[in-house]
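Data block below; observations after.
FYI, side chains are in, hydrogens and waters are out, and symmetry mates aren't considered; it's all heavy atoms of this structure.
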Amino acid sequence: MITGTMKKQPQQEVMGYDNPGSHLLDEFRRLNCLIEAQVLRLRSANFYSNPKDFRSFFIDDSEVDGLLSAGVFEPETSPPNERVSKAAEELLKKARHLKFEIEKRIRETYRSGNLLPLIELTDRLRLKDLEQEALIVCLAPQIDARYEKLYAYLQNDITKKSPSLDLIFNLLSSSTEERLQLRGYLSDASPLLQYRLLEEIDYPAPASAAQRFLKADSRVVQYVLGNSDPDRRLLPHLRFLLPLKWEDVIITEPLKLRLQNLLPPEGEEPQPSRRLFYFYGRPGVGKKTIARALCGEGRLELATIDLATTERQPEAFAEKMNLIFRETILHPCAVYFDSFQEIETEVAGFKALVNILAGYIEKSGIQTFIGSTNPLPDILADRLPVHEIEIPAPDTEAQLLLWKKLLPGKLPDKEKRLLQQLTAQFNLTGAQISRAVSQVTQAAAARDAGTEQFSPDDLMAACRNQSQPALHKLALKLKPLYTWKDIVLPEETLTQLRDICQRVRHRRKVYEEWGFRSKLSQGKGITALFAGPSGTGKTMAAEIIANELALDLYRIDLSGVVSKYIGETEKNLDRIFTAAEHANIILFFDEADALFGKRSEVRDSHDRYANIEISYLLQKMEQYEGIAILATNLRQNLDESFIRRLAFTVHFPFPDEASRLRIWKGIWPDELPISEEIDFNMLAKQFKLSGGNIKNIALAAAFLAADRDATVTMNLIIQAVQREYQKMGKNIREGEYKVANLE
């Protein structure tokens with residue numbers, strides 16, 4: 001009998017885990033109890049008394065006892081059979097007590113604001129206790145190699161160092177019901193195997209399903225140890241982006257409200273109908289930025305995947321999707337699949353790839369975004385509930401806001417008006433504006449390390465650089481050199497050319513601010529026909545317009561466009577117009593009558609297909625919203641339907657005497673040594689030549705003078721004229737010039 005007052009023992013303070021490793025150490029202590037209990041049961045049943053003949057090696061009892069005694073428990077060695085059951089029960093009781101203590105420490109850890117990776121993973125996948133314990137069993141040999149030998153001992157085979165399903169069942173289940181539960185938790189459809197937390201080891205084919213061997217995936221091992229680096233197999237494709245606030249995004253208010261209304265209420269998980277967004281629009285219009293803003297509502301990071309870089313074979317694609325969606329669980333985030341249009345090109349396997357992607361989206365339940373340049377394909381719409389939203393390119397006002405947002409303090413105040421010019425002249429997306437600012441900032445820093453300011457010319461050049469299309473195989477980029485002072489044309493023709501420039505500068509105001517876009521379904525592009533004899537300045541005029549507007553000029557290479565194969569010409573033209581549509585360039589079709597000729601009466605299949613090409617061109621020209629200049633020597637050969645669709649038709653007349661005189665006087669560079677006795681009036685009067693011919697003559701005379709190391713004289717010019725005439729199939733007749741003595 002105990003007398004006196006019992007002193008109440010002070011309650012021991014529960015400490016949380018200060019790192020993932022200390023938590024795993026406790027979990028492994030508990031696992032040690034389960035392993036030791038199983039060792040005792042197997043020894044009692046004489047499991048090791050007669051090793052099978054086909055096993056060349058086995059593990060000695062004393063070695064296992066040493067491994068166990070090196071841990072946190074001291075097992076009894078060679079217990080009498082009558083004590084085995086009791087000893088094993090004590091170990092299992094100790095394991096249950098450790099589990100209770102671990103749970104208390106976990107709660108305290110979370111109360112202090114710290115997180116434990118293994119518990120986070122359990123919660124995200126809603127794993128049951130037995131599933132978590134099975135994961136720990138498979139993790140142990142990946143973290144501590146001593147468990148390999150223990151598992152080999154328990155399975156009586158030194159080559160089997162990873163746990164089989166049967167071993168997991170024996171360690172974790174105490175009844176048939178628990179064993180059956182575990183069997184379901186470790187099926188192929190279970191979260192543990194579905195998301196590749198565990199993977200099967202490719203041992204020789206097992207005799208039964210219970211002899212399948214499992215191990216924890218290396219990425220999962222790193223994760224539970226506290227390493228948040230993504231799977232290295234995803235590094236070429238995966239990038240994490242922080243969420244954004246709506247004030248950081250420049251979009252129209254109606255679009256913003258529409259997107260926000262599609263999100264689930266705060267604190268609620270997204271329903272299937274609100275889980276998938278399909279954004280389409282031009283590259284760089286802000287699809288990814290808007291997705292980041294939507295993630296900001298739920299404070300989620302955004303994992304972006306570039307589908308252009310992923311494998312296209314269904315098996316490899318499925319493997320990559322598995323790793324990607326597992327990463328979104330390990331690193332809780334939304335996911336954005338970029339460049340969806342790239343897998344649409346895989347026509348044969350597109351359906352299979354979409355089905356794979358849709359399957360993972362469906363079962364993962366995470367917020368998913370898909371970005372594309374094309375509208376939603378039916379095959380994806382038929383598989384999943386999806387919100388299709390077109391993200392328009394920023395209008396003039398939005399572009400102006402983007403420039404101001406990205407250029408604070410970097411543009412001189414007196415040059416702020418340049419922003420209006422940029423938005424009127426260049427139809428850039430937010431991404432292009434951002435890259436242009438980055439380019440000019442770096443250029444300014446390299447030029448003057450003490451300032452971030454840059455010149456308007458730098459900004460214009462950067463905008464042109466961002467506008468360059470992928471036309472290198474079908475067009476030649478020309479470098480505009482000429483200005484208005486270099487060309488000699490009638491005043492009426494010059495006025496028309498200046499009108500083209502004015503229309504380009506003010507098209508934003510007229511179409512958007514003044515509302516004409518809503519009045520025109522087609523024909524919003526600026527197209528002009530330059531018609532006139534060869535050498536009258538059509539190409540020069542195109543260069544002057546490009547120079548005046550600070551736009552790049554691309555001359556279409558007809559040899560790369562026109563094809564004898566049916567349908568190829570249309571495909572090439574589609575590539576040209578698609579690449580140029582939003583590129584802020586000038587397309588220059590020289591010898592345009594070769595492409596835009598008249599339709600003819602159909603006499604055979606060749607006529608029919610030729611007419612189809614012309615009809616296709618008519619449609620593309622009407623739909624095209626960019627700038628295109630067509631040049632021809634034979635206006636009468638053009639189909640009248642083209643003429644009707646052109647905004648400008650500019651006639652380039654053969655130069656008269658006064659015009660030829662201006663050309664002769666203005667063709668010579670200031671640096672050229674030239675005789676003052678040259679009679680330009682006579683040259684203009686006697687030789688009826690175009691500007692192109694006069695340019696050739698001036699260049700030839702300069703080379704003749706260089707060969708003689710002399711100045712350009714009248715005799716040399718006449719000699720050059722004679723050679724130009726020969727090229728043209730003409731001869732200078734006696735009396736056409738006054739200089740008699742040719743060198």
Side-chain angles (χ1 to χ4, degrees), residues 478 480-498 530-545 547-548 590-591 631-636 650-743:
L478 302 179
L481 297 175
Y482 299 113
T483 61
W484 293 112
K485 65 180 179 61
D486 296 314
I487 196 165
V488 177
L489 289 170
E491 192 58 38
E492 182 182 351
T493 304
L494 289 173
T495 300
Q496 285 183 286
L497 296 178
R498 289 191 173 95
F530 291 176
S534 177
T536 51
K538 299 184 292 295
T539 302
M540 178 184 281
E543 289 191 37
I544 291 169
I545 290 173
N547 214 346
E548 175 74 9
D590 202 3
E591 308 295 341
T632 181
N633 303 337
L634 303 168
R635 183 189 184 282
Q636 65 274 17
V650 183
H651 178 61
F652 286 72
F654 194 88
D656 57 17
E657 183 178 335
S659 297
R660 293 196 296 272
L661 179 59
R662 290 171 56 197
I663 295 171
W664 276 112
K665 288 182 176 180
I667 197 67
W668 311 99
D670 293 338
E671 299 85 356
L672 180 75
I674 186 168
S675 172
E676 296 180 358
E677 299 176 355
I678 295 175
D679 189 350
F680 291 120
N681 289 307
M682 186 279 293
L683 292 172
K685 182 177 181 179
Q686 295 294 329
F687 302 113
K688 296 180 180 180
L689 298 166
S690 68
N693 297 133
I694 294 173
K695 179 192 71 174
N696 292 340
I697 291 168
L699 187 62
F703 275 105
L704 289 171
D707 185 55
R708 293 162 174 76
D709 195 20
T711 61
V712 175
T713 63
M714 190 68 174
N715 280 347
L716 293 180
I717 292 176
I718 295 300
Q719 190 172 347
V721 169
Q722 188 172 17
R723 292 182 181 177
E724 187 70 13
Y725 263 55
Q726 289 171 350
K727 254 175 32 179
M728 298 162 61
K730 295 173 151 187
N731 289 314
I732 300 179
R733 290 174 298 178
E734 192 68 30
E736 274 193 320
Y737 56 90
K738 297 178 180 178
V739 178
N741 183 25
L742 292 178
E743 294 182 7

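Side chains of Met540 and Leu489 form no contact here, defined as non-hydrogen atoms less than 4.5 Å apart. Residues Leu716 and Arg708 form a side-chain contact, since some pair of their non-hydrogen atoms from C-beta on lies under 4.5 Å apart. Residues Leu494 and Arg498 are in side-chain contact: their nearest non-hydrogen atoms beyond the backbone lie under 4.5 Å apart. Considering only heavy atoms from C-beta on, Ile718 comes within 4.5 Å of Leu683 through its side chain. Side-chain atoms of Glu548 and Leu497, non-hydrogen and from C-beta on, never get closer than 4.5 Å to each other.
Arg662 contributes no side-chain N or O that, together with a main-chain N or O of Ala658, makes up a donor-acceptor pair within less than 3.5 Å. At least one donor-acceptor pair under 3.5 Å links the side chain of Lys538 to the backbone N or O of Pro533.
Here the closest non-hydrogen pair linking Val712 and Ala702 is CG2-CA, 4.2 Å. Across all non-hydrogen atoms, the minimal contact from Pro655 to Thr536 is CD-CG2, 4.3 Å.
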>> Met728 vs Leu689, test: side chain to side chain contact (heavy atoms under 4.5 Å, CB included). Steps then yes/no.
In response: CA-CA 11 Å; Met728 298 162 61; Leu689 298 166; 4.1 Å; yes
Could you give the side-chain donor-acceptor pairs of residues 663-670 under 3.5 Å, partners two or more places apart or in another chain?
{"unit_1": "Trp668", "atom_1": "NE1", "unit_2": "Trp664", "atom_2": "O", "d": "2.7"}

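By the 30° and 60° cut-offs, the orientation of the rings of Phe687 relative to Tyr725 is perpendicular.
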